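Below is one structure, written out as structure tokens; comments come after it.
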Amino acid sequence: MTDEKLDQILKQALAPEISESEIRIHRRRKDKMKKFGKTGKCAAAVVAAAVIGIGGLGYFDPVLAAKIPLIGKIFEKVEEDATYSGDYTDKKTVLTNEDSEGNLDTSDYTVSDQGITLTASEVYCDGYSVFLTVNIESEDADFTHIPEHYTGMNVADNQTAAGFYINGTWSVDGSSPERIENTFDGEVIDSHTFAGMLKIDLAEKHTGSGELNLNVNGLGYDDDRMLDGEEISASHWTDGSWNIIIPFEVNETDVKIIEVGEKKGSMTLEDVVVSPYQVVVHVTTPGEQRELTDDRREKLLSKDPDMTDAEMLELLGWSYEPCSTICFNQDGEMLYPNMEMPGRAVFAVQGKEIKTLYVYIFNNPDDWTQMEQEGINSSVADRAVISKEIHVE
């Protein structure tokens, strides 16, 4: 993405008021996060990570914070403002247990290193992603200077969350390790405590139960006192080792799979998955039929640990046709586009009612951008390689 395109997206997303300095700050953040392997490749991910300035986090008094029973209730704390927002009350599984005296036993899901303690709190899995809440504590830190970022479609939504970067790998049931791409969306509780939600997208649909092996080797966060600096992203970064094994059960309640099989040109819209918190659109293109073996992927990552599957395919000459997907519901509301990669595009539901989906798949990202600006009645709708009305209910 060019700097000019990034500027345009940011100005549209943060209209009517955004300063040039904020745009420059975000571009530096974006470039730095590429180094850590945490940035997405789609425009929506760029918008989602935009810095919105200093303050406004609504911190609690540390004495009061100590009395809040966060463990086992982090979803409740962050679910309104996280990117994948929604009510997790009846879907989540609490990982911790109470002993005979009513005290929480977190020993199986707590790990400490370098003065930082991670405690896994709750988990939910719809079969396609694992949603995990974690409490982060550090006695030597001052989290009160972590800036917020947008997690909603529009500034007017007033949906923002603090962010905590995470680096490392994950695997499920002994599968080959995958890089952690997302960050924690959450809330600063006090200067030493952060509570957040992390979403891990599974490579394949999972059924039944499983174990998520989270192997974290780095944690970091921004500092609003350094927003004018050249290197602001993860300005507080700590390398270490935090490994937690999290059991989960797939909860298929309210998860719908709509088979489509629509093929146009070289693209095929295979199916659409609608779960309580996300919509996943599965699209195949010719290049994706060339499978990257684990050994080949590992060799390429040893040369460049930040290389994506798409870049690997291109390097090997197995180029695929890129696609840009956009979704609207029956009311013409655009779904928040949070991630797109070869094979799937992911959207956050964010409480929107979904009875019908209108899916548009472009092979030109500029057309996607124009439709994002103009909405469902955009003049570029007929340029979509695939446009499909999908009845969910």
Side-chain angles (χ1 to χ4, degrees), residues 37-38 40 74-75 82-84 88 91-96 106 108-111 118-135 165-185 196-219 241-255 257 270-271 273-282 288 291-301 305-310 312 338-346 348:
K38 299 180 186 66
I74 294 180
F75 271 130
T83 300
Y84 291 90
Y88 287 78
K91 304 291 191 301
K92 69 179 183 180
T93 298
V94 178
L95 296 171
T96 51
T106 63
D108 289 341
Y109 308 108
T110 296
V111 61
L118 267 64
T119 301
S121 176
E122 305 141 287
V123 65
Y124 163 76
C125 179
D126 60 3
Y128 297 86
S129 301
V130 176
F131 301 74
L132 174 70
T133 63
V134 171
N135 191 64
Y165 301 119
I166 178 173
N167 198 20
T169 62
W170 63 269
S171 61
V172 171
D173 295 342
S175 64
S176 298
E178 301 274 352
R179 282 182 302 146
I180 300 171
E181 303 265 4
N182 292 357
T183 61
F184 289 109
D185 275 345
M197 180 197 304
L198 176 72
K199 185 169 84 85
I200 299 290
D201 293 313
L202 302 176
E204 297 179 354
K205 181 186 176 183
H206 202 92
T207 58
S209 61
E211 283 189 338
L212 171 67
N213 189 330
L214 195 64
N215 190 358
V216 179
N217 56 37
L219 293 165
S241 179
W242 299 267
N243 180 258
I244 308 177
I245 297 177
I246 299 122
F248 65 86
E249 293 279 347
V250 175
N251 186 339
E252 297 183 348
T253 304
D254 300 323
V255 177
I257 305 172
E270 300 288 355
D271 61 57
V273 178
V274 180
S275 86
Y277 315 108
Q278 67 176 345
V279 169
V280 184
V281 178
H282 290 116
E288 293 160 30
E291 184 179 358
L292 282 167
T293 64
D294 293 336
D295 288 343
R296 189 181 293 274
R297 181 182 283 107
E298 185 175 346
K299 289 179 181 178
L300 291 172
L301 288 176
D306 294 334
M307 190 179 297
T308 66
D309 279 6
M312 292 180 196
N338 192 235
M339 181 180 297
E340 182 146 12
M341 61 185 64
R344 68 174 181 263
V346 182

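Fair warning: this is a prediction, and the values are worked out from it, not measured in the lab.
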Test item: side-chain donor near acceptor, T106 and T110, under 3.5 Å: yes
Answer yes or no: is there an ion pair linking K91 with D126, defined by an N-O contact shorter than 4.0 Å? no
Separation between OH (Y109) and CD (E122), nearest 0.5 Å, reads 12.5 Å
Non-hydrogen side-chain atoms of L198 and V134 separated by less than 4.5 Å: no
Please identify each residue that fulfils ring-ring contact (aromatic ring centres under 6.0 Å, His included) with F75, with sequence neighbours left out. Y88
Passes side-chain contact (heavy atoms from CB on, under 4.5 Å), N135 versus I74? Steps please. CA-CA 8 Å; N135 191 64; I74 294 180; 3.9 Å; yes
From I200 atom CD1 to L202 atom CG, the distance as rounded to the nearest 0.5 Å: 8.5 Å
Any side-chain heavy atom of N338 within less than 4.5 Å of one from Y84? yes
Can a side-chain donor-acceptor contact be found between D201 and S129 if the only test is distance below 3.5 angstrom? yes
Distance, nearest 0.5 Å, that separates CD1 of I166 from CG of L219: 6.0 Å
Step by step, work out the side-chain contact (heavy atoms from CB on, under 4.5 Å) result for K199 and V346. CA-CA 11 Å; K199 185 169 84 85; V346 182; 3.6 Å; yes
Point-to-point distance, once rounded to the nearest 0.5 Å, from CD of E211 to CD1 of I245: 6.0 Å
With sequence neighbours excluded, residues passing ring-ring contact (aromatic ring centres under 6.0 Å, His included) with F248: H206
Step by step, work out the side-chain contact (heavy atoms from CB on, under 4.5 Å) result for V273 and H282. CA-CA 8 Å; V273 178; H282 290 116; 4.0 Å; yes
Sub-4.5 Å side-chain heavy-atom contact between N251 and Y124: yes
Kindly indicate whether the side chain of L214, heavy atoms from C-beta on, has any atom under 4.5 Å from the side chain of I246. yes
Within-4.5 Å side-chain heavy-atom neighbours: I257 and Y128: yes
From CG (N167) to OH (Y165), nearest 0.5 Å: 12.5 Å
Name all residues meeting the side-chain hydrogen bond (donor to acceptor under 3.5 Å, both in side chains) criterion together with D185; count only those two or more places apart in sequence or in a different chain, and write none if there are none. T83, H149
Given side chains that start at C-beta, do those of L132 and L95 come closer than 4.5 Å, heavy atoms only? yes
Step-by-step side-chain contact (heavy atoms from CB on, under 4.5 Å) determination, V281 to E340: CA-CA 9 Å; V281 178; E340 182 146 12; over 6 Å; no
What are the two closest non-hydrogen atoms of S209 and D173, and how far apart are they? O-OD2, 4.0 Å
For V111 versus S241, what's the shortest heavy-atom pair and its separation? CG2-O, 4.5 Å
Once rounded to the nearest 0.5 Å, what's the spacing between atom CG of L212 and atom OG of S171? 7.5 Å
Measure the shortest side-chain to side-chain distance between V123 and K92 over non-hydrogen atoms and say whether it is less than 4.5 angstrom. no
